[in-house]
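The analysis underlying the following values was restricted to heavy atoms, covering all of them including side chains, and did not include hydrogens, waters or symmetry mates.
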Amino acid sequence: MIWFSNLNTILKALIAGLFTWGITVLGALTVFFFKKINKKVLDTVLGFSAGIMIAASFWSLIMPSLELSEKLGYIKWLFPALGFVIGGLFVLLSDKFLDKIILKKNKKIKNDSLKRSILLVSAITIHNIPEGLAIGVAFGSITNLGVPLIGAVMLALGIGIQNFPEGAAVSLPLRNEGISRNKSFILGSLSALVEPISAVIGAILVTFVNSILPFLLSFAAGAMILVATGELLPESFEKNKNLSILGLIFGFIIMMILDVALG
């Protein structure tokens with residue numbers, strides 16, 4: 001950790017982004033060993049990841065956004081609120097774009113399950129963009145805002161954990177559609193390659209454009225909250241709601257303790 005803390009901010013963000021991408025690759029590797037993942041385990045993990053992401057969004061992104069906004073002489077709540085709304089809308093509109101554009105272009109595909117697989121690959125790829133930005137912004141704010149390193153690390157960990165089932169969620173359905181294991185693995189791995197790229201972009205923006213940091217922090221938080229509550233929790237609530245809720249509680253508490261008590 002000492003070695004990591006002494007690295008350049010952008011390099012930290014890149015390593016964190018590569019870590020979350022690597023977890024996706026591990027998830028995609030399951031296509032070589034399993035036909036599917038135990039639903040109870042998957043839903044508990046999704047709930048746990050959502051808990052970490054929600055807690056990290058508040059303590060590592062929203063709170064620093066409010067504090068910096070006040071220090072810069074802005075209306076304390078204005079840019080954090082604006083960034084949060086736009087971040088949430090970015091993810092929401094991405095879903096709408098996929099529903100109306102990508103599926104329309106694939107009307108020739110008669111297999112409904114294959115259409116769902118195409119939508120899933122595209123959706124996860126697009127959702128990984130704000131996740132990568134959130135990582136970059138969190139690590140960039142360590143230097144610019146004094147945010148504890150543990151907060152940024154835990155945010156990356158939370159994103160990484162939920163990337164494992166995402167990698168499997170891409171590769172396994174593709175395999176079920178008759179695509180080879182190798183191609184299914186490659187597509188599952190590539191779905192999160194945007195994360196290290198987005199992480200570097202987020203860190204660069206924070207490092208060189210400090211005046212818009214309150215907006216960027218809350219934008220990342222809005223995107224994270226919508227991914228957690230709009231994607232992870234609804235999926236995990238379908239069959240194993242109680243397990244997902246328990247995972248959510250433990251994820252939130254662990255993030256709170258590490259970010260507040262140790263930070």
Worksheet item: Distance from I75 atom CD1 to E70 atom CD, nearest 0.5 Å?
Response: 12.5 Å
Worksheet entry | Closest non-hydrogen atom pair, L226 against G88 | CD2-O, 2.8 Å
Practice prompt. Go through the steps for F48 and I161 under the test side chain to side chain contact (heavy atoms under 4.5 Å, CB included), then give the verdict.
Written response: CA-CA 9 Å; F48 182 81; I161 290 173; 3.7 Å; yes
Discussion item. Using side-chain heavy atoms (C-beta onward) and a distance below 4.5 Å, is T229 in contact with I54?
Written reply: yes
Worksheet entry | Neighbour count >12 (heavy atoms, 6.0 Å) for atom CZ, F250 | no
Discussion item. Starting from V194, can I reach L190 by hopping between I/L/V/M/F/W/Y residues whose side chains sit under 4.5 Å apart?
Written reply: yes
Practice prompt. Drop me the distance from S69's OG to W77's CH2, to the nearest 0.5 angstrom.
Written response: 10.0 Å
Worksheet item: Atom OG in S198, atom CG in L193: separation rounded to 0.5 Å?
Response: 9.5 Å
Practice prompt. Kindly indicate, with the supporting measurements, whether the criterion side chain to side chain contact (heavy atoms under 4.5 Å, CB included) is fulfilled by L133 and I201.
Written response: CA-CA 7 Å; L133 287 172; I201 293 173; 4.3 Å; yes
Item to complete: Taking the six-membered ring for Trp and the single ring otherwise, decide whether the centroids of W59 and F252 are under 6.0 Å apart.
Response: yes
Worksheet item: Quick check: does any side chain N or O of S171 sit under 3.5 Å from a backbone N or O of F185, one acting as donor and the other as acceptor?
Response: no
Worksheet item: Would you say the side-chain atoms of S218 pair up with the backbone N or O of P80, donor to acceptor, closer than 3.5 Å?
Response: yes
Fill in: Steps toward side chain to side chain contact (heavy atoms under 4.5 Å, CB included) verdict (N182, F32)
CA-CA 8 Å; N182 288 334; F32 292 105; 3.5 Å; yes
Worksheet item: For K40, does its backbone N or O pair with a side-chain atom of T44 as donor and acceptor, under 3.5 Å?
Response: yes
Discussion item. Measuring from atom CZ of F219 to atom CG of L82, what distance do you get when rounded to the nearest 0.5 angstrom?
Written reply: 11.0 Å
Item to complete: Rounded to the nearest 0.5 Å, what's the gap from CE on M256 to CD1 on I253? Could you check?
Response: 4.0 Å
Worksheet item: Could you walk me through whether F139 and V153 pass the side chain to side chain contact (heavy atoms under 4.5 Å, CB included) check?
Response: CA-CA 8 Å; F139 278 94; V153 170; 4.3 Å; yes
Practice prompt. To the nearest 0.5 Å, tell me how far I245 CD1 sits from I249 CD1.
Written response: 7.0 Å
Show me the donor-acceptor pairs within less than 3.5 Å that the side chains of residues 14-23 make with the rest of the protein, sequence neighbours left out.
{"from": "T20", "atom 1": "OG1", "to": "G17", "atom 2": "O", "distance (Å)": "2.8"}
{"from": "T20", "atom 1": "OG1", "to": "E195", "atom 2": "OE1", "distance (Å)": "2.5"}
{"from": "W21", "atom 1": "NE1", "to": "S189", "atom 2": "O", "distance (Å)": "2.8"}

Discussion item. Are F79 and Y74 an aromatic pair, judged by ring center distance below 6.0 Å?
Written reply: yes
Item to complete: Sorted by first residue and then second, give each side-chain hydrogen bond (donor to acceptor under 3.5 Å, both in side chains) pair with at least one member in residues 79-93; sequence neighbours left out.
Response: none
Worksheet item: Does the side-chain hydrogen bond (donor to acceptor under 3.5 Å, both in side chains) test come out yes or no for S236 and D43, once each step is laid out?
Response: CA-CA 4 Å; S236 62; D43 290 342; 5.2 Å; no
